[in-house]
Amino acid sequence: MQDIILLTDDINTKTTMSNLENLNEMELQRRASLQKLRELGIDPYPAPLYPVNASAAEIKQGYSEEKGNFSDVTIAGRIMSRRIMGAAAFIELQDESGRIQVYIKRDEICPGEDKTMYNTVFKKLLDIGDIIGIRGFAFITQTGELSVHAKELTVLSKSLRILPIVKQKDGEVFDAFSDPELKYRQRYVDLIVNPQVKDTFIKRSLIVSTMREYFNEAGCLEVETPILQSIPGGANARPFITHHNALDIDLYLRIANELYLKRLIVGGFNGVYEFAKNFRNEGMDKTHNPEFTCVEIYVAYKDYIWMMEFVEKLLEKIALRLHGTTEVELDGKKISFKAPFRRLPMLEAIKEYAGVDVKGMDEEELRDTCKRLGVETDKTMGKGKLIDAIFGEYCEKHLVQPTYIIDYPVETSPLTKRHRKDPSLTERFELFVNGKELANAYSELNDPIDQLERFKEQLRLKDKGDDEAMFIDMDFIRALEYGMPPTSGLGIGIDRLTMFMTGSPTIQDVLFFPQMRPEKREGKENKE
């Protein structure tokens with residue numbers, strides 16, 4: 001134990017006796033091995049440059065026994081298993097691309113009299129989870145397995161924690177690292193021992209790059225707008241509040257970037273988009289995280305009908321890029337992203353699924369209807385939220401295949417242009433997939449007088465206690481007064497889109513590091 005304490009002092013850490021006493025015997029042994037490596041003159045954390053020239057996947061995909069290629073390869077990765085047979089051993093090495101077997105022979109990596117690297121370092125001081133470098137050549141073993149024959153072994157990083165190794169037998173998984181609390185809190189471990197998890201995040205990146213490519217081809221410009229805002233706008237949501245010390249003012253974390261992007265349309269850009277981190281101080285569940293990623297795009301001289309066709313083609317393209325087909329499996333259902341999607345007016349959806357016609361009802365009639373239908377309400381809810389509550393309770397669950405819900409009442413859409421045929425409605429759609437909203441889009445309201453009145457109505461709702469109602473943004477009104485061309489806007493949640501396109505059951509599965517409660521240790525919250 002004293003040796004270990006001296007070691008931690010040597011590397012300028014503040015590990016205490018109490019910390020060490022919380023380690024199990026195997027973790028203490030790894031720290032002892034770390035010390036012994038140093039005593040042998042081996043740096044367990046050497047300078048980062050290591051001349052990797054191949055990956056496991058490249059060797060597996062490109063090796064030809066006839067060609068004898070990959071005759072001088074340098075690979076690096078994590079030891080995931082090993083079998084030691086006296087003077088020879090096999091290990092399974094895992095890098096970013098996958099796993100490959102490595103054959104290690106004592107006299108190959110220790111050609112001289114000194115066999116320390118094999119007998120002591122490899123056999124006694126290295127463990128599963130350690131990161132090593134191997135220089136050697138590819139070959140086929142007698143059992144027919146492609147492997148790398150090691151000529152040199154280099155220690156690159158000593159692992160002090162024990163990996164929860166996932167075992168498989170006859171296709172059945174044992175000891176899987178599957179506890180959500182551990183998976184989401186220790187995503188780094190999840191990625192190591194469950195390589196299939198990495199595929200979800202690779203697909204997420206591919207989704208974003210496909211969208212960016214599609215938007216750029218449409219002639220739109222990628223931009224950035226503020227995250228810290230003096231007035232939170234662009235959505236009905238409860239914001240996070242922070243304080244700017246230098247200016248001595250409270251600011252809000254962005255709930256949406258809509259109003260800033262529309263200012264840019266006023267300024268003369270015909271098409272702009274942004275992949276934005278948004279923050280909403282609201283509940284958490286399988287489809288909501290307080291910090292999330294959303295893309296919003298605004299295109300001048302277009303309307304919501306054009307945007308529906310634009311979105312259909314986009315989602316079709318993403319599905320084909322990821323899966324080679326427009327069909328995706330989600331919750332055991334086959335979801336088809338083949339265009340066109342069904343278009344269903346919101347009030348007709350309520351009539352179809354709830355059996356009631358709410359068109360023309362005032363607030364009291366809507367409240368009575370909600371009571372009769374068993375829909376929960378509260379006194380802060382105005383007409384828009386009452387209609388939305390009926391829709392959410394009775395309609396959403398039926399919208400499994402991609403469906404556009406269109407033509408929302410004015411009360412539910414404070415930033416949307418009134419419908420060209422019915423001024424009580426707006427030119428808005430939401431795209432629903434598997435009972436959940438995926439996209440929200442409008443023909444944008446560009447009448448500054450109407451917009452101000454809509455904001456004032458939101459203020460009245462806020463006075464009634466609706467803490468999700470919008471603020472009045474007078475600078476945005478001023479921008480509209482300079483004139484904004486007819487514009488169509490769209491927002492898509494990247495996290496939820498990734499869920500749908502990868503068949504992931506929860507939003508936490510598509511976020512590297514989802515928000516969680518502070519970790520508790522020894523009865524106390526760990527706030528380090």
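Aromatic pair Phe391/Phe432: ring centres closer than 6.0 Å. Two rings, from Phe500 and Phe337, have their centers 6.0 Å or more apart.
Using modelled atom types, one finds no donor on one side chain facing an acceptor on the other under 3.5 Å when comparing Tyr184 with Asp190. Counting only N and O atoms by type, the side chains of His244 and Asp250 include no donor and acceptor under 3.5 Å apart. Judged by distance alone, the side chains of Arg428 and Thr416 never bring a donor and an acceptor atom under 3.5 Å apart. Checked by atom type, the side-chain pair His288/Asp285 shows a donor-acceptor distance below 3.5 Å.
Between Lys456 and Glu453, at least one side-chain nitrogen of the basic residue sits less than 4.0 Å from a carboxylate oxygen of the acidic one, meeting the salt-bridge criterion. A salt bridge links Asp199 and Lys203; the closest N-O separation between the charged side-chain nitrogens and carboxylate oxygens is under 4.0 Å. With salt bridges taken as basic N to acidic carboxylate O contacts below 4.0 Å, none links Glu396 and Lys436. Checked for salt-bridge contact, Lys385 and Asp388 miss the test: no charged N lies under 4.0 Å from a carboxylate O. Salt bridge Lys371/Asp368: absent, no basic N to carboxylate O contact under 4.0 Å. With respect to Glu363 and Arg460, no salt bridge is recorded, no charged nitrogen being found less than 4.0 Å from a carboxylate O. One finds a salt bridge joining Asp303 and Arg420 here, because a Lys/Arg side-chain nitrogen approaches an Asp/Glu carboxylate oxygen to under 4.0 Å.
When all heavy atoms of Ile387 and Pro409 are compared, the pair lying nearest together is CD1-CG, 3.8 Å. When all heavy atoms are compared, the tightest approach of Arg280 to Ala256 is NH2-CB, 4.0 Å. Minimum interatomic distance between Met516 and Glu181 (heavy atoms only, all atoms of both residues): CE-OE1, 3.4 Å. Across all non-hydrogen atoms, the minimal contact from Tyr394 to Leu373 is OH-O, 2.6 Å. Of all heavy-atom pairs between Ile507 and Asn289, the closest is CD1-N, 4.0 Å. For the residue pair Leu160 and Glu27, the shortest heavy atom distance occurs at O-CG, 3.8 Å.
The aromatic rings of Phe201 and Phe512 sit parallel to each other, their planes meeting at less than 30°, with 60° as the upper class boundary.
Atom NZ of Lys351 has 12 or fewer heavy atoms from other residues, nucleotides or ligands within 6.0 Å. Heavy-atom neighbours of Ile449 CD1 from other residues, nucleotides or ligands within 6.0 Å: at or below the threshold of 12. Few gaps surround CD on Glu327; more than 12 heavy atoms of other groups in view lie less than 6.0 Å from it. The neighbour count for Phe269 CZ, taken as heavy atoms of other residues, nucleotides or ligands under 6.0 Å away, does not exceed 12.
Counting only distance, with no hydrogens or angles, the side chain of Tyr50 and the backbone of Leu156 share no donor-acceptor pair below 3.5 Å. With hydrogens and angles ignored, the 3.5 Å screen pairs no side-chain donor or acceptor of Arg204 with any backbone N or O of Leu511. His419 places no side-chain N or O within 3.5 Å of a backbone atom of Val410 that could act as its donor or acceptor partner. When atom types are taken as modelled, the side chain of Asp473 and the backbone of Asp475 share a donor-acceptor pair closer than 3.5 angstrom. At least one donor-acceptor pair under 3.5 Å links the side chain of Ser443 to the backbone N or O of Tyr304. Judged by distance alone, with hydrogens and angles left aside, the side-chain atoms of Glu282 form a donor-acceptor pair with the main-chain N or O of Arg238 at under 3.5 Å. For the pair Asp331 (side chain) and Lys333 (backbone), a donor-acceptor distance under 3.5 Å is absent.
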Is there a salt bridge (charged side-chain N to carboxylate O under 4.0 Å, His left out) between Lys313 and Glu217 once you walk through the steps? CA-CA 13 Å; Lys313 293 175 184 176; Glu217 288 175 354; over 6 Å; no
In sequence, state the C-alpha distance, the side-chain angles, and the governing distance for Gln401 and Phe341, and then conclude on side chain to side chain contact (heavy atoms under 4.5 Å, CB included). CA-CA 8 Å; Gln401 295 301 323; Phe341 303 158; over 6 Å; no
Just do the side chain to side chain contact (heavy atoms under 4.5 Å, CB included) check on Glu96 and Lys198 with the steps written out, would you? CA-CA 9 Å; Glu96 183 187 36; Lys198 189 179 295 182; 4.1 Å; yes
Side chain to side chain contact (heavy atoms under 4.5 Å, CB included) for Leu314 and Ile492? Distances and angles first, verdict last. CA-CA 11 Å; Leu314 170 63; Ile492 295 179; 4.1 Å; yes
Test side chain to side chain contact (heavy atoms under 4.5 Å, CB included) applied to Trp306 and Val299, step by step: CA-CA 10 Å; Trp306 176 88; Val299 186; 4.1 Å; yes
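Checked against Arg254 for a salt bridge (Lys or Arg N to Asp or Glu O under 4.0 Å), the options Glu274, Glu291, Glu224 give a single hit: Glu274. Residue Arg418 is tested with Thr426, Asp447, Asp450 for a side-chain hydrogen bond (donor to acceptor under 3.5 Å, both in side chains); the sole match is Asp450. Among Tyr298, Phe429, Tyr214, the one residue that satisfies the ring-ring contact (aromatic ring centres under 6.0 Å, His included) test with Phe310 is Tyr214. Paired with Leu206 under the rule side-chain contact (heavy atoms from CB on, under 4.5 Å), one option of Thr210, Val208, Ile202 passes, and it is Thr210.
To the nearest 0.5 Å, atom OG1 of residue Thr200 and atom CE of residue Met499 are 11.5 Å apart. To the nearest 0.5 Å, atoms CZ (Phe513) and CZ (Arg185) are separated by 12.5 Å. Between Met80 atom CE and Ile192 atom CD1 the span is 7.0 Å, to the nearest 0.5 Å. Note that CG of Leu445 is 10.5 Å distant from CG of Leu452, once rounded to the nearest 0.5 Å. Note that CD of Glu393 is 12.0 Å distant from CD1 of Ile350, once rounded to the nearest 0.5 Å. To the nearest 0.5 Å, the span separating OG on Ser413 from CE on Met346 amounts to 8.0 Å.
Because its NZ or CZ atom is not both nearer than 6.0 Å to the ring centre of Phe215 and within 45° of the ring axis, Arg212 does not count as a cation-pi partner of that residue.
At a threshold of 4.5 Å between non-hydrogen side-chain atoms, the residues Asp95 and Arg78 do not count as touching. By the 4.5 Å heavy-atom criterion applied to side chains, Lys397 and Tyr353 are not counted as neighbours. Using a 4.5 Å cut-off on side-chain heavy atoms (C-beta onward), Arg343 and Ile305 make contact. Using a 4.5 Å cut-off on side-chain heavy atoms (C-beta onward), Ile227 and Phe279 make contact. The side-chain heavy atoms of Asn24 and Ile162, taken from C-beta on, include a pair separated by under 4.5 Å. Gln451 has its side chain within reach of Ile477: a pair of non-hydrogen atoms, C-beta onward, lies under 4.5 Å apart. In this structure, the side chains of Thr225 and Arg263 stay at 4.5 Å or more apart for every pair of heavy atoms. Residues Asn446 and Lys262 fail the side-chain proximity criterion, which asks for heavy atoms closer than 4.5 Å.
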